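For clarity, every value in this text was computed on a predicted model and none was experimentally measured.
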Amino acid sequence: MTSDASPTEVPPPVTDPWKGLRGVMAGTLVLEAITVLLALPVISAVGGGLHWWSILYIVGLAVIMFLGAGVQRRSWAIPFNLALQVALLLGGFIHISILVIGVVFIAVWIFVLFLRSDVKKRMEAGTLPSQRMSGA
């Protein structure tokens with residue numbers, strides 16, 4: 001009696017586990033862009049005012065974040081997301097509030113990378129809910 005699958009072979013997941021993670025990353029970028037744009041009135045009121053270059057930097061960064069939410073399927077999405085975080089931290093030269101937003105979202109992206117690592121480990125071990133054998 002032979003079987004098609006060896007006992008050590010891990011079944012592939014029935015659903016795409018990366019689809020949900022891509023959604024989380026896209027949603028995080030959208031929320032981050034909104035948060036960055038909400039810093040404009042703060043900088044205007046307490047940051048000594050806005051200049052054309054600071055408006056261009058902040059709005060440009062937010063637009064790139066909005067657009068970046070749509071490219072999360074690409075293989076370069078995670079390096080792109082992390083590069084946006086560096087650009088956001090560099091925005092600290094405009095006002096401290098931008099730096100604080102950057103630090104908060106760095107923590108969020110570290111958590112997203114932890115989730116990605118956990119999904120990858122579970123998929124390799126065959127312990128994702130969609131990989132479990134029913135009736136076994």
Side-chain angles (χ1 to χ4, degrees):
M1 179 183 279
T2 62
S3 66
D4 292 338
S6 65
T8 59
E9 187 176 317
V10 177
V14 177
T15 58
D16 182 13
W18 302 117
K19 185 176 181 181
L21 189 65
R22 287 190 303 263
V24 167
M25 293 189 305
T28 301
L29 276 180
V30 168
L31 290 173
E32 187 171 5
I34 292 168
T35 306
V36 167
L37 289 174
L38 287 172
L40 284 171
V42 172
I43 296 168
S44 177
V46 298
L50 291 167
H51 304 286
W52 67 269
W53 51 268
S54 60
I55 294 171
L56 184 65
Y57 189 85
I58 293 170
V59 172
L61 188 59
V63 167
I64 293 170
M65 287 176 180
F66 279 123
L67 295 174
V71 297
Q72 295 306 303
R73 284 195 140 174
R74 308 285 185 185
S75 61
W76 45 266
I78 291 179
F80 175 77
N81 297 340
L82 296 177
L84 286 175
Q85 303 317 301
V86 171
L88 184 60
L89 288 174
L90 291 176
F93 74 88
I94 294 172
H95 192 259
I96 190 76
S97 62
I98 299 294
L99 183 65
V100 170
I101 293 169
V103 169
V104 168
F105 276 98
I106 287 283
V108 171
W109 282 103
I110 288 171
F111 181 67
V112 168
L113 291 175
F114 170 76
L115 289 176
R116 180 179 180 266
S117 171
D118 187 51
V119 168
K120 186 176 181 181
K121 282 184 213 170
R122 287 173 175 233
M123 190 164 46
E124 289 171 354
T127 59
L128 288 175
S130 65
Q131 289 177 300
R132 293 188 187 135
M133 308 265 294
S134 60

Path from [X] to [Y] over hydrophobic side-chain contacts below 4.5 Å:
| X | Y | answer |
| --- | --- | --- |
| Val36 | Ile96 | no |
| Leu90 | Leu50 | yes |
| Val86 | Ile106 | no |
| Val100 | Leu61 | no |
| Val42 | Leu37 | no |

Heavy-atom distance under 4.5 Å between the side chains of [X] and [Y], does that happen here?
| X | Y | result |
| --- | --- | --- |
| Thr28 | Met25 | no |
| Ile43 | Ile58 | yes |
| Leu113 | Ile78 | yes |
| Ile94 | Trp53 | yes |

Looking at [atom1] of [X] and [atom2] of [Y], how far apart are the two atoms once the value is rounded to the nearest 0.5 Å?
| X | Y | atom1 | atom2 | answer |
| --- | --- | --- | --- | --- |
| Met65 | Ile34 | CE | CD1 | 11.5 Å |
| Leu84 | Phe105 | CG | CZ | 12.0 Å |
| Leu29 | Ile64 | CG | CD1 | 11.5 Å |
| Phe80 | Arg74 | CZ | CZ | 11.5 Å |
| Gln85 | Trp109 | CD | CH2 | 6.5 Å |
| Leu56 | His51 | CG | NE2 | 13.5 Å |

N/O donor-acceptor pair under 3.5 Å between Asn81 side chain and Ala77 backbone: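 Here the side-chain-to-backbone pair exists.
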
Short question: side chain of Ser44, backbone of Leu40 - any donor-acceptor pair under 3.5 Å?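 Side chain of Ser44 to backbone of Leu40, a donor-acceptor pair under 3.5 Å: no, none is there.
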
Considering all heavy atoms, the nearest Gly102-Leu89 contact: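 Closest approach of Gly102 to Leu89, heavy atoms only: C-CD2, 3.7 Å.
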
Would you name the heavy atoms of Ile98 and Ala39 that are closest together and state the gap between them?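 For Ile98 and Ala39, the tightest heavy-atom pair comes out as CD1-CB, 3.7 Å.
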
State whether the number of non-hydrogen atoms from other residues, nucleotides or ligands found under 6.0 Å of Phe93 atom CZ is greater than 12.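 Result for CZ/Phe93: enclosed.
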
Can you confirm whether Trp52 is buried at CH2, in the sense that more than 12 heavy atoms of other residues, nucleotides or ligands lie under 6.0 Å from that atom?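 Incorrect, the count does not exceed 12.
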
Tell me, please, which residues at least two apart from Ser97 pass side-chain hydrogen bond (donor to acceptor under 3.5 Å, both in side chains).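 In terms of side-chain hydrogen bond (donor to acceptor under 3.5 Å, both in side chains), with neighbours along the sequence ignored, Ser97 is linked to His95.
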
